[in-house]
2 protein chains.
Amino acid sequence: MGVNPEPRKKKKGGEGRATSKEVAAEVGVSVATVSNAYNRPDQLSEGLRERIFEAAGRLGYSGPDPLGRSLRRRRSGAIGVLYADRLSYAFTDPAAVMFLEGVSLAAEEAGLNLFLVPGGYGLSGGSEAVLSAAVDGFVVYCVSAEDPVISAVIERKLPVVLVDDPSRDGATSIGIDDEGGARAAAEHLAELGHRRFAVVSFKLTLEPDRGLADPARQESADNEDTRSRLKGYKTAIEKAGVPWGDVPVYECPENTPEEAKAAAEELLAKEPRPTAILALSDQLAFGVMEAAKGFGLSIPGDLSMVGFDDVSEAARSSPPLTTVHQPHVEKGLKAGRKLVALLEGGDPGEPELLPTKLVVRGSTASP
Amino acid sequence: MGVNPEPRKKKKGGEGRATSKEVAAEVGVSVATVSNAYNRPDQLSEGLRERIFEAAGRLGYSGPDPLGRSLRRRRSGAIGVLYADRLSYAFTDPAAVMFLEGVSLAAEEAGLNLFLVPGGYGLSGGSEAVLSAAVDGFVVYCVSAEDPVISAVIERKLPVVLVDDPSRDGATSIGIDDEGGARAAAEHLAELGHRRFAVVSFKLTLEPDRGLADPARQESADNEDTRSRLKGYKTAIEKAGVPWGDVPVYECPENTPEEAKAAAEELLAKEPRPTAILALSDQLAFGVMEAAKGFGLSIPGDLSMVGFDDVSEAARSSPPLTTVHQPHVEKGLKAGRKLVALLEGGDPGEPELLPTKLVVRGSTASP
DNA sequence: ACGTTTTACTGAATCGTTTAAGTAAGATAC
DNA sequence: GTATCTTACTTAAACGATTCAGTAAAACGT
């Protein structure tokens, strides 16, 4: 058994990174003392501490290895953000970016790093990324309740904050008043006198369709957000005397202007043409606006348009987009703070629903 | 010595996450076998493997702990992106976001996660975040060569790819043709007939000033990018017969429209007023445009404006911004791929300089 | 001068894995 | 029927730290 015939290469030149053990050997102390030099300066004499740092510098030891430390401490010092899609996609969505900004603010407050984990339904690996991420907890963003990765997260039994999809009981969560915002958007259009509506939605289920979605499919949307927004529209539109069944709801597999453009091209070709289009996100709204331009339709003269999210481009587009504002950064910040509270054994607080607000700009007018 | 009086709580209820040891005990095999069940299915019989998974499910074991595994494997499966500033700031800068998109693309290709590390000069902790991040390598973005965090990164002796600041020898790097792009921008203005220029720059050193920077200070800029862009402007402007010393260069401590607005307000109050302003980034250009609006100046009628970066808003602003395009996403992607190559022991390739290109839109005209 | 505290360390267990090397039993070869 | 190869595991040593429970020596109090 462990005879260890050779003393092994002790430190074969200055090469590679050294370990605390090597530093300890060099100085002639125990590894515990080296550890203390870095973590509890009061546990050793000033002189020895300096000798240790000096030797560390000489040997190329840059301080405790994060992995060894994390393993022992049972804390990695990072919070994970689980994003529904591929990560690269998150960065193209201004709403997601603002949310991340908020989470990173919370991480900074707590001195934690940010670990981005792609959910990537259908991606190679599946929920492997979730299982292999060295984090202390997760903020789960925008993942449908049906997504298998969410089970993977739950399975890991780490502290979790669910964002925008507060359907798992027990879990801490935060969301926004989707329904109220959507209702306000549709009411605004109804008050302007619109009666011919159309809706451009993002995907309703994990296996998305492209095309018109009937009410049954709408009901079965597996994302809480989506369902709530559609419900808000429905309530307001029915109140205006228009049967919901008459309102075409177009499902886009991806939340991109390109998809929405294609959707709008189909919707605007209908006779009679809708006079107002509600989009479930600003990204989609921008696509619709482009399509309208292609049809030679002026906004808001020929077509009124309402988005959702109030991303910063919304104020700068031409015409500026009427949309439902939601506090993306604050949502991220609060989600992050809840997670931090959880990590510190504190109280994450009640599930919260942040307010939304209709911001009327230049893309809506009477028909 | 380790008498271990009590057998310790073996598994006090289904609570907490279980370990491979517990699963092994439950099934009556060694931990090695449990490990094999997850990592090398061919090493054990199908039946046993299923019994192990079944027991794992029962005990709440969700697979090997990432930390233990990473420690042993000496691979964490994550690449770190070191960002100069606070992380929350990265998300407000469209150029940084696009870059991250590229890196995340590369990470996805390689099946790696993304670990975001704030450089945060002057932040509490300093380079602590760098030292404590459990990553396999770093992509260093936009950090001045003088920044102490960059030394921290080097010290960790992990594979590193330097972006936009290829000054450390030996390190793999990627950048863009800053000088050429800047030169083209200034040449464009000169050709239009402009002779009274002003420049709005971001910070020149780690300890930024706000205000006009004389040529000496410009030379001492510790970011390669900044120096190159200024040099490009200088070359073209001098070629047009204007002494560089006559061109006011205003330094903004932060790369935000707000800072640039303040800068422009000062520059535009000068007599004679500049007829063209060059901004080192689009973010800064947007601020200048706002200031111009405040002065009642029309762009490009009264003032021509050129940015740098070609972020997506540049095409949508009014007027659309003439700017220097750089391939942000591609830069991130290539940086990420180089790092991946390094991690896999391959060849990261030569330091690359990606091309820039002037995109003429509506913000420039003859004076 | 003697007991108590403080200071400055060391030893050894532990965190949760992976993996090279070993082994016993059964299958295959000739 | 013996030698060799597989199969299906196990043993034990890492990986790189932290931390608790010592302990010997020095400092302190009276």
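In what follows, every chain begins at residue 1, and chains take the letters A, B, ... in the order their sequences are listed.
Of the listed nucleotides (dA13(D), dA12(D), dA13(C)), dA13(D) has the atom at the smallest distance from the side chain of Arg72(B). For Thr33(B), the listed nucleotide lying nearest its side chain is dC9(D); candidates were dA8(C), dC9(D), dT10(C). Comparing dT18(D), dC9(C), dT17(C) by their nearest atom to the side chain of Gln43(A) picks out dC9(C). Among dT18(D), dG16(D), dC9(C), the nucleotide with an atom closest to any side-chain atom of Leu71(B) is dG16(D). Closest to the side chain of Arg40(A), out of dA17(D), dC20(D), dT11(D), is dC20(D). When distances run from any side-chain atom of Ala32(B) to the nucleotides dC9(D), dT10(D), dA17(D), the shortest one goes to dT10(D). For Tyr61(B), the side-chain atoms get nearest to dT17(C) when compared with the rest of dC9(D), dT17(C), dA17(D).
Along DNA chain D, the nucleotide nearest to Gly68(B) and the one nearest to Glu46(B) differ in position, and the one closer to the 5' end is contacted by Glu46(B). Nearest-nucleotide positions on DNA chain D place Val29(B) closer to the 5' end than the other of Asn39(A) and Val29(B).
Rounded to an integer number of Å, the gap from CG of Leu44(A) to P of dT18(D) is 13 Å. Between Lys21(B) atom NZ and dA12(D) atom P there is a gap of 14 Å when expressed in whole angstrom units. Nucleotide dC15(D) holds its P atom 21 Å from the CZ atom of Arg73(A), rounded to whole Å. Rounded to whole Å, atom C1' of dC15(D) lies 12 Å from atom CZ of Arg17(A). Rounded to an integer number of Å, the gap from CZ of Arg156(B) to P of dA17(D) is 11 Å. Spacing between atom CZ of Arg75(B) and atom C1' of dT19(C) amounts to 17 Å, rounded to whole angstrom units.
For dG16(C), neither phosphate oxygen OP1 nor OP2 lies less than 4.0 angstrom from any side-chain nitrogen or oxygen of Arg69(B). The side chain of Ser35(B) places an N or O atom within less than 4.0 Å of a non-bridging phosphate oxygen (OP1 or OP2) of dT18(C). Using a 4.0 Å cut-off, some side-chain N or O of Ser30(B) falls inside it from OP1 or OP2 of dT10(D). Distances shown here put every side-chain N or O of Ser70(B) at or beyond 4.0 Å from the OP1 or OP2 atom of dC15(D). In this model, the phosphate group of dG16(C) is approached by a side-chain N or O of Arg74(A) to a distance below 4.0 Å at OP1 or OP2.
Of the possible donor and acceptor atoms, none in the side chain of Lys157(B) sits under 3.5 Å from a partner among the backbone N and O of Tyr61(A). Checked by atom type and distance alone, the side chain of Lys334(B) never pairs as donor or acceptor with a backbone atom of Ile174(B) at under 3.5 Å. At distances below 3.5 Å, at least one donor-acceptor pair connects side-chain atoms of Glu108(A) with backbone N or O atoms of Leu87(B).
We find the NZ-CG distance between Lys331(B) and Asp164(B) to be 3.5 Å, quoted to the nearest 0.5 Å.
If you check every strand for non-hydrogen atoms under 4.0 Å, Gly47(B) touches nothing.
Under the side-chain contact (heavy atoms from CB on, under 4.5 Å) test applied with Glu344(A), the options Val340(A), Leu342(A), Asp347(A) reduce to a single match, Val340(A).
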